[in-house]
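Per chain, numbering begins at 1; letters A, B, ... match sequence-line order.
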2 protein chains.
Amino acid sequence: MGTLDPSLVDGMPPFADLTPADLDFVLSLAKPVRYPKGTAVFAQGGTADSFFVLLHGHLQVVKLTPEGRQVVLRYVSPGEMFGIAVQTGRAAYPATAVAVADSIALAWPSDCWPALLTRCPALAAGIMRTVGSRLDEAHLRVVEMSTQEVERRVAHALVRLVRQAGRPVGEGIRIDFPITREDVAQMTGTTLHTVSRILSSWEQQGLVESGRQRIVVRDPDRLFALAERDGAR
Amino acid sequence: MGTLDPSLVDGMPPFADLTPADLDFVLSLAKPVRYPKGTAVFAQGGTADSFFVLLHGHLQVVKLTPEGRQVVLRYVSPGEMFGIAVQTGRAAYPATAVAVADSIALAWPSDCWPALLTRCPALAAGIMRTVGSRLDEAHLRVVEMSTQEVERRVAHALVRLVRQAGRPVGEGIRIDFPITREDVAQMTGTTLHTVSRILSSWEQQGLVESGRQRIVVRDPDRLFALAERDGAR
DNA sequence: CGTATACTTGAGCTTCCTCAACGACGGTGG
DNA sequence: CCACCGTCGTTGAGGAAGCTCAAGTATACG
């Protein structure tokens, strides 16, 4: 059995700076795995025995509170690493990753991380950058939740989704995976009712066009303005 | 001029695993700097030309929004690293660090990080763990702000402060640096008024005892229960 | 002793959540 | 192909948590 095609991870930040030989080595340790829609890649609290790069599809990363409430931490798009708990010295995954569309990921066993690291020290820097930008995003979200009202937070969430998983369609940009009002609510710390009202209002203003598990942004500029601009009506 | 006393960083996680010789090397590149109360160690947006370990005192790390609102990201206590932006590949500090008490820090020039890394690769893992746990904390805070009411968030903030900077006094544990209602509000995403009301109410219940820039927790157990327990009164 | 900064407390109001009911879409099986 | 049913979405009414506005009071520092 040959090694995987290097073009699979073409241009993915952590692997971009590797020599072809090193890349081959890295890929030789990985296994591609399919995750049909609805299946979990790993579960919060489970032993962190692998880390991943998403090749195809979309994942939702959720955190469950002791009281049973869910919060969506982020969505994973192709090209992104996820499940990188070993690298941060954690034995267990701090959240659950679920495929929201049929997905394929490359999986590395956690215990090959030391070998990878000695062979390609540059990987460490790449991971550091990744974790660093996750930290920035998390801090940004804390600031947002501390200072902005719900409508603006929802606008911001949609902007991020469009940037990350936007797919141009007829008249607008569509979020490229099924997403419910409840999902958006769990991203923004509100309720599905409030999200529904906001989307309804935006729909009347021609800002978005949405339906069952489907959101199409028709006017990205105005949405962006809503997210960024001052409380100015 | 000799090198710094290794006992300065005794038991500080990122340096714990270094050989005495390596530790000497690391310390030879650092300079101790004093930051009187009220002065900034670095400012948000400024070039990240140094990284630090706090030796003495306490810092507040704040993020400023475009609209001019402040959010307190964390407090730094002795032994903790801070300003580690180079390590995550950032050119500028994402937040401002201000001394809330007279403080002393060890400062390394950012450009000596590569040299440090080649000499002591183990440092990378230590930093990764640090950044990883910051990420966990940030995510925890997002979850908290999404799901818990203000009183509980304030309780949680106080618990963390007690753990991190609690100093036993006569009858209780005191937060070991000046902290205002406004500061607590900026940690929890609320207003100084609400914090004031909550502390007043807790004071009447004998839970805390507080005054101008001063908070003493008299009953840590009950405070902890307030922070962790279900909405059960 | 005066002034600046921090804290307290009340009253009213806004935002958003909760509760409730209904409507619509889409997949499944007859 | 149609009817059914589960899931998702919409919308209204009421209420509560916490913010805003507004005084007024204490504490430290010069």
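- When all heavy atoms are compared, the tightest approach of B/Thr191 to B/Ala185 is C-CB, 3.4 Å.
- For B/Gln213 and D/dT27, the CD to C1' distance is 10 Å, given to the nearest whole Å.
- Side-chain nitrogen and oxygen atoms of B/Thr190 include at least one within less than 4.0 Å of the OP1 or OP2 phosphate oxygen of D/dC19.
- The phosphate of C/dT15 has neither OP1 nor OP2 within less than 4.0 Å of any side-chain N or O from A/Thr194.
- Counting to the nearest Å, the C1' atom of C/dT15 and the CD atom of A/Glu151 are 12 Å from each other.
- Counting only heavy atoms from C-beta on, A/Thr180 has its side chain closest to D/dG9 among C/dC7, D/dG9, D/dT20.
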Please list each protein N or O that sits under 3.5 Å from an N or O in nucleotides 10-14 of chain C, with the distance.
residue: C/dG10; atom: N7; partner: B/Arg197; partner atom: NH1; Å: 3.0
residue: C/dG10; atom: O6; partner: B/Arg197; partner atom: NH2; Å: 3.2

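- B/Gln204 and B/Ser200 share no donor-acceptor pair across their side chains, judged by distance under 3.5 Å alone.
- Of all non-hydrogen atoms in B/Arg167 and B/Ile173, the two that sit nearest each other are N-CG2, 3.5 Å.
- The CE-C1' distance, from B/Met145 to D/dG18, rounds to 13 Å in whole Å.
- You'll find the ring centres of A/Tyr75 and A/Phe177 inside the 6.0 Å limit.
- In plain terms, the two heavy atoms of A/Tyr93 and A/Thr47 that are nearest each other are CE1-O, 3.3 Å.
- Within 4.0 Å (heavy atoms only), B/Ser210 reaches no atom of the nucleic acid at all.
- Computed from C1' positions of five pairs at each end, the angle between the two local axes of the helix from C/dC1-D/dG30 to C/dG30-D/dC1 equals 40°, rounded to 10 degrees.
- With 3.5 Å as the limit, one finds no donor-acceptor pair spanning the side chains of B/Arg90 and A/Ser133.
- Following rounding to the nearest Å, A/Leu192 (CG) and C/dA20 (C1') show an atom-to-atom distance of 13 Å.
- In this structure, B/Arg153 does not pair ionically with B/Glu144, as no charged nitrogen and carboxylate oxygen lie closer than 4.0 Å.
- At whole-Å resolution of the value, CZ in A/Arg181 and P in D/dC8 are 12 Å apart.
- Protein atom NZ of B/Lys37 is 12 Å distant from nucleotide atom P of D/dA28, rounded to whole Å.
- With rounding to the nearest 0.5 Å, the separation of NZ in A/Lys31 from CG in A/Leu106 is 12.0 Å.
- Centroid-to-centroid, the aromatic rings of B/Phe15 and B/Trp108 come within less than 6.0 Å.
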Please produce a list of atom pairs where a protein N or O lies less than 3.5 Å from an N or O of nucleotides 24-29 of chain C.
residue: C/dC25; atom: O2; partner: A/Arg212; partner atom: NH1; Å: 3.4

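- In this entry the distance linking CD of B/Gln204 with C1' of C/dT9 reads 12 Å, nearest Å.
- Enclosure of atom CZ in B/Arg163 is not indicated, since only 12 or fewer non-hydrogen atoms of other residues, nucleotides or ligands lie within 6.0 angstrom.
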Side chain to side chain donor-acceptor pair (under 3.5 Å) assessment of B/Glu80 paired with B/Gln164: CA-CA 11 Å; B/Glu80 296 182 30; B/Gln164 198 197 337; 3.0 Å; yes
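- Comparing A/Ser196 and B/Thr191, the nucleotide of DNA chain D nearest to each residue sits closer to the 5' end for A/Ser196.
- Under 4.0 Å is where a charged nitrogen must lie from a carboxylate oxygen, and between A/Glu137 and A/Arg160 no such pair does.
- When rounded to the nearest whole Å, the span between CD of A/Gln148 and P of C/dC16 equals 12 Å.
- Proximity of A/Ser200 to the phosphate of D/dT11: a side-chain N or O atom is located under 4.0 Å from OP1 or OP2.
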